[in-house]
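All remarks here apply to the structure that follows.
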Amino acid sequence: MTKFIIEKDFWELFPDTQIGIVLAKGIDNTGESSAEVKDMLAKANQESGKFLQEPVFSENPVVSVWRQAYRKFKTKKGARSSIENLMKRVEKGKEVGSINPLVDIYNTMSLTYGLPAGGEDIDSFAGNLRLTQAQGGEKFIALGDEEPDNALAGEIAYLDDEGAVCRCWNWRDGQRTMLTENTKNAFLIIECVDASRTDELREAIEKLAELTVAHLGGRAEVAIMTKENPELSLD
């Protein structure tokens, strides 16, 4: 049985974090996104400016809460949360564009709710997927890179038996486990470190599951992981 496990050393740093998971099985991610999915993404781009009301970018809550979180563990210089990277594009007027249907759907949810979202191909995992502190040296080649950029000792990362899946918590995904047109079974995730946004997280993860099935078929299971519920079967 393959599992997703959030380990003790993560909870010691972030005891109140909640992580929403969608296990999307039997999906069809081939081809480019439909006009409806592209329209949803475009609308989310436009409306995400609601999260940028402060004159100083880093003082907007969707950014600052993750800046604070990233100070608690070792990170590569300049690494920022995925939601900050999306919001920076919005601030600069650079629309988050279409990549593939599944990525477009989770980016739509990320922009709509102001929460980090991501996804991996379950069938590419080597053993269990773990959210934990890296020992250092776990193999990793980021999307778009040609050279390895391995994990640092003490950084929070998603790891499996072959190396890092996503570095610096939700900063960058790796090539080995990326979502592609061949993905049939996907691990989708939305993360929340702000305890006041629990209801929004649940709404976002349920909407993510709904949209995935509506546009890509298959079936979806939803779970909210907490310190009291740190393991989930991926089978």
Side-chain angles (χ1 to χ4, degrees), residues 4 6-22 44-94 96 103 105-120 130-134 151-152 154-158 164-173 187-208 222-230:
F4 172 45
I6 306 178
E7 297 190 340
K8 182 179 178 181
D9 55 8
F10 173 88
W11 297 117
E12 289 173 348
L13 292 176
F14 302 103
D16 298 323
T17 291
Q18 295 196 13
I19 295 183
I21 304 295
V22 174
N45 270 282
Q46 295 169 3
E47 294 182 352
S48 63
K50 66 188 177 185
F51 295 114
L52 300 177
Q53 300 300 313
E54 299 296 330
V56 178
F57 177 77
S58 62
E59 293 179 358
N60 288 283
V62 296
V63 174
S64 64
V65 70
W66 283 98
R67 290 273 185 105
Q68 293 167 23
Y70 269 45
R71 294 187 189 108
K72 295 183 178 181
F73 61 93
K74 180 70 173 179
T75 65
K76 181 174 179 175
K77 185 177 180 180
R80 302 296 189 194
S81 69
S82 66
I83 188 60
E84 175 168 345
N85 290 331
L86 291 187
M87 288 295 103
K88 179 60 71 172
R89 290 180 63 88
V90 170
E91 184 194 44
K92 293 182 176 181
K94 298 179 180 180
V96 178
V103 174
I105 290 169
Y106 80 61
N107 275 339
T108 295
M109 291 297 92
S110 188
L111 290 164
T112 298
Y113 289 92
L115 294 168
E120 310 292 344
R130 300 175 292 121
L131 179 58
T132 187
Q133 287 190 1
L152 301 172
E155 78 170 79
I156 293 294
Y158 290 89
V165 170
C166 187
R167 281 202 55 199
C168 296
W169 197 339
N170 51 44
W171 169 54
R172 294 193 73 183
D173 283 320
F187 175 88
L188 307 176
I189 189 163
I190 300 179
E191 299 151 325
C192 182
V193 294
D194 184 347
S196 72
R197 302 193 67 197
T198 298
D199 290 344
E200 291 170 82
L201 172 65
R202 180 166 292 280
E203 181 179 308
I205 205 69
E206 290 178 351
K207 187 67 173 178
L208 176 58
V222 172
I224 303 290
M225 302 186 70
T226 65
K227 185 177 181 181
E228 293 72 34
N229 179 37

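On a predicted model such as this, the values are computed, not experimentally measured, just so you know.
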Sequence-distant partners of [X], salt bridge (Lys or Arg N to Asp or Glu O under 4.0 Å), two or more places apart:
X      : value
Glu59  : none
Lys207 : Glu210
Lys227 : none

Calculate, to the nearest 0.5 Å, the distance between atoms [atom1] and [atom2] belonging to [X] and [Y] respectively.
X      : Y      : atom1 : atom2 : result
Leu188 : Ile21  : CG    : CD1   : 8.5 Å
Tyr158 : Phe187 : OH    : CZ    : 6.0 Å
Gln18  : Leu115 : CD    : CG    : 11.0 Å
Ser48  : Arg89  : OG    : CZ    : 11.0 Å
Phe4   : Ile189 : CZ    : CD1   : 4.5 Å

Residues Tyr106, Ile190; criterion side chain to side chain contact (heavy atoms under 4.5 Å, CB included); working and verdict: CA-CA 9 Å; Tyr106 80 61; Ile190 300 179; over 6 Å; no

Please report the closest heavy-atom contact between [X] and [Y], naming both atoms and the distance.
X      : Y      : value
Cys168 : Ala79  : SG-CB, 4.0 Å
Gln53  : Asn60  : N-OD1, 2.8 Å
Asn170 : Pro116 : ND2-CB, 3.5 Å
Asn45  : Val96  : OD1-N, 2.8 Å
Trp66  : Ser81  : CB-OG, 3.5 Å
Ala157 : Arg167 : CB-CA, 4.4 Å

Residues in side chain to side chain contact (heavy atoms under 4.5 Å, CB included) contact with [X], at least two apart in sequence or another chain:
X      : value
Val62  : Phe51, Met87, Arg197
Glu47  : Lys43
Lys88  : Phe57, Glu91, Lys92
Ser110 : Ile83, Leu86, Ala117

Set of side-chain hydrogen bond (donor to acceptor under 3.5 Å, both in side chains) partners for Asp173, sequence neighbours left out: none

Residues that Asp194 engages under side-chain hydrogen bond (donor to acceptor under 3.5 Å, both in side chains), provided they are two or more places apart: Ser196

Of all pairs that satisfy salt bridge (Lys or Arg N to Asp or Glu O under 4.0 Å), the ones with a partner from residues 64-73, not counting sequence neighbours: Arg67-Glu84

Pairs involving residues 8-19, ordered by first then second residue, that meet salt bridge (Lys or Arg N to Asp or Glu O under 4.0 Å) (sequence neighbours left out): none

Heavy-atom side-chain proximity of Leu201 to Thr198 below 4.5 angstrom: no

pair Leu13-Gln133: side-chain heavy atoms closer than 4.5 Å: yes

Side chain to side chain contact (heavy atoms under 4.5 Å, CB included) between Phe10 and Thr17, worked out: CA-CA 10 Å; Phe10 173 88; Thr17 291; 4.0 Å; yes

ring-ring contact (aromatic ring centres under 6.0 Å, His included) partners for Tyr70, two or more places apart: Phe73

Glu155 and Thr75: CA distance, side-chain angles, deciding distance, side chain to side chain contact (heavy atoms under 4.5 Å, CB included) verdict: CA-CA 6 Å; Glu155 78 170 79; Thr75 65; 5.7 Å; no

Whether over 12 other heavy atoms sit under 6.0 Å from Lys94 NZ: no

Check: Trp11 side chain, Ile6 main-chain N or O, donor-acceptor pair, under 3.5 Å: yes

Side chain to side chain contact (heavy atoms under 4.5 Å, CB included) evaluation trace for Leu131 with Ile19: CA-CA 11 Å; Leu131 179 58; Ile19 295 183; 3.5 Å; yes

